[in-house]
Amino acid sequence: VLDSNNHLLVVDGSSGRIKHRIHIPADNFCTVKCSTLAGTANGNRILVGNSDIGYPPYDYANPWLIFDGTYNLIHKGEYKGAGHDARIFDANGDGVDEFLIGYELVDHNGHNIWTVDSWRDQNLNNSILQHCDGTALIKKDDDWFVAIAGSDCIYLVDSNGNCKWSKHLPHPQYVCVLRDGPNDLI
């Protein structure tokens, strides 16, 4: 739970008792997601993201914080295209969750694995005008793809960060996946 006093609260689900109160650097954080795979020495990860105007020196929808299973901050980072959605999943089958934040896939410690190739060498001059609004994960056989609703485009990206196709649209906000037969991707 995020409160308006710059805290992330860990609450006992059965009683409502506050188990841990973790200070966060501002009150504009609004995304909290938890990893479910405990493949690291300090257990699961908690991802806390800003999806609003950043505070100096950060830009819109940054920074993102990663806490370990003992509630220690292990990473504070800025991510290209960060916006209003993040996905947590085991992207490489190693038993540890990775994070898709904006146009970047990062490991459980917040380090970049890849950036979507359409944005890899691009500068985002204004993150308010260019960020991720929604994602949908698509698993097919032993591989995966992600559909991303960006500020002016939807993208279908493979598990290596390569854009398979994109379509310009006026500010897509959400994306969902529909299978239209056993051989169709979406």
Side-chain angles (χ1 to χ4, degrees), residues 1-92 94-116 119 124 126-137 146 148-151 171-176:
V1 174
L2 292 169
D3 72 12
S4 61
N5 291 321
N6 299 13
H7 291 106
L8 170 65
L9 306 176
V10 179
V11 179
D12 183 304
S14 61
S15 69
R17 180 181 66 83
I18 296 174
K19 294 171 64 173
H20 297 281
R21 184 181 313 263
I22 304 160
H23 178 75
I24 54 177
D27 70 353
N28 60 348
F29 287 85
C30 59
T31 302
V32 177
K33 303 226 176 188
C34 297
S35 70
T36 57
L37 296 178
T40 61
N42 288 328
N44 297 340
R45 299 291 196 243
I46 302 170
L47 178 67
V48 180
N50 173 9
S51 295
D52 199 358
I53 301 298
Y55 58 88
Y58 299 101
D59 201 0
Y60 182 81
N62 278 296
W64 288 71
L65 313 174
I66 299 175
F67 295 91
D68 67 15
T70 56
Y71 313 114
N72 294 306
L73 178 66
I74 60 169
H75 187 75
K76 180 196 273 187
E78 284 190 84
Y79 298 102
K80 192 176 278 190
H84 310 295
D85 193 25
R87 290 276 164 199
I88 298 178
F89 63 103
D90 184 4
N92 57 11
D94 66 353
V96 179
D97 283 328
E98 284 76 37
F99 308 125
L100 181 67
I101 305 170
Y103 302 128
E104 296 188 47
L105 181 70
V106 300
D107 70 13
H108 63 279
N109 291 317
H111 302 117
N112 180 286
I113 296 171
W114 54 248
T115 302
V116 174
W119 291 103
L124 292 180
N126 187 339
S127 309
I128 293 174
L129 299 177
Q130 185 55 252
H131 59 270
C132 172
D133 283 308
T135 60
L137 189 63
V146 64
I148 300 174
S151 291
H171 204 168
Q173 292 289 295
Y174 190 80
V175 61
C176 63

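All figures in this text were calculated on a predicted structure; none of them were measured in a lab.
Closest of all the heavy-atom pairs between Y103 and G81 is CD1-CA, 3.5 Å. What you find for A86 and L47 is that their closest heavy atoms are CB-CD2, 3.9 Å. Across P172 and A149, no two heavy atoms sit closer than the pair O-CB, 3.8 Å. Summarising the geometry of A136 relative to C176, their closest heavy-atom pair is CB-CA, 4.3 Å, with the distance given to 0.1 Å. Counting all heavy atoms, side chain and backbone alike, A91 lies closest to L105 at CB-CD2, 3.9 Å. Listed here is the closest heavy atom pair of D90 and G95: OD2-N, 2.9 Å.
To the nearest 0.5 Å, the span separating CD on E104 from CG on N112 amounts to 4.5 Å. Atom CZ of F67 is separated from atom CG of N44 by 15.0 Å, given to the nearest 0.5 angstrom. Note that the CD atom of E98 and the CH2 atom of W114 stand 11.0 Å from one another [nearest 0.5 Å]. Interatomic distance, OH of Y71 versus NZ of K19, reported as 5.5 Å (0.5 Å rounding). One distance of note links CD1 of I74 with NE2 of H108; it measures 7.0 Å at 0.5 Å rounding. Interatomic distance, N72 CG to I66 CD1, rounded to the nearest 0.5 Å: 13.5 Å.
With hydrogens and angles disregarded, no donor-acceptor distance shorter than 3.5 Å links the side chain of D27 to the backbone of N6. The closest donor-acceptor contact from the side chain of D12 to the backbone of R17 lies at 3.5 Å or more, if one exists at all. A donor-acceptor pair is defined here as one N or O able to donate and one able to accept, closer than 3.5 Å; such a pair exists between the side chain of R87 and the backbone of T135. Looking at D133, its side chain never comes within 3.5 Å of a backbone N or O of H84 through a donor-acceptor pair.
Within a 6.0 Å radius of OH in Y174, no more than 12 heavy atoms belonging to other residues, nucleotides or ligands are found.
A heavy-atom distance below 4.5 Å is found between the side chains of L65 and P25. At least one side-chain heavy atom of R21 sits under 4.5 Å from a side-chain heavy atom of L9.
Remark: F89 pairs with W144 by the ring pair (Phe, Tyr, Trp, His ring centres under 6.0 Å) rule, at least two apart or across chains.
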Could you go through the side-chain contact (heavy atoms from CB on, under 4.5 Å) check for Q130 and W119 one step at a time? CA-CA 11 Å; Q130 185 55 252; W119 291 103; 3.5 Å; yes

side-chain contact (heavy atoms from CB on, under 4.5 Å) between L8 and F29, intermediate numbers included: CA-CA 9 Å; L8 170 65; F29 287 85; over 6 Å; no

Candidate pair I24 and K76, rule side-chain contact (heavy atoms from CB on, under 4.5 Å), full reasoning: CA-CA 11 Å; I24 54 177; K76 180 196 273 187; over 6 Å; no

As a quick check of understanding, evaluate side-chain contact (heavy atoms from CB on, under 4.5 Å) for L129 and Y60, giving each step before the final call. CA-CA 9 Å; L129 299 177; Y60 182 81; over 6 Å; no

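Using a cut-off of 4.0 Å between Lys/Arg side-chain N and Asp/Glu carboxylate O, K80 and D59 are scored as not salt-bridged.
For residues 46-58, the set of pairs meeting the side chain to side chain donor-acceptor pair (under 3.5 Å) definition, not counting sequence neighbours, comprises T31-S51.
Using cut-offs of 30° and 60° on the angle between ring planes, the pair H23 and H7 is perpendicular.
Between R45 and the options D97, D107, N109, a side chain to side chain donor-acceptor pair (under 3.5 Å) holds for only N109.
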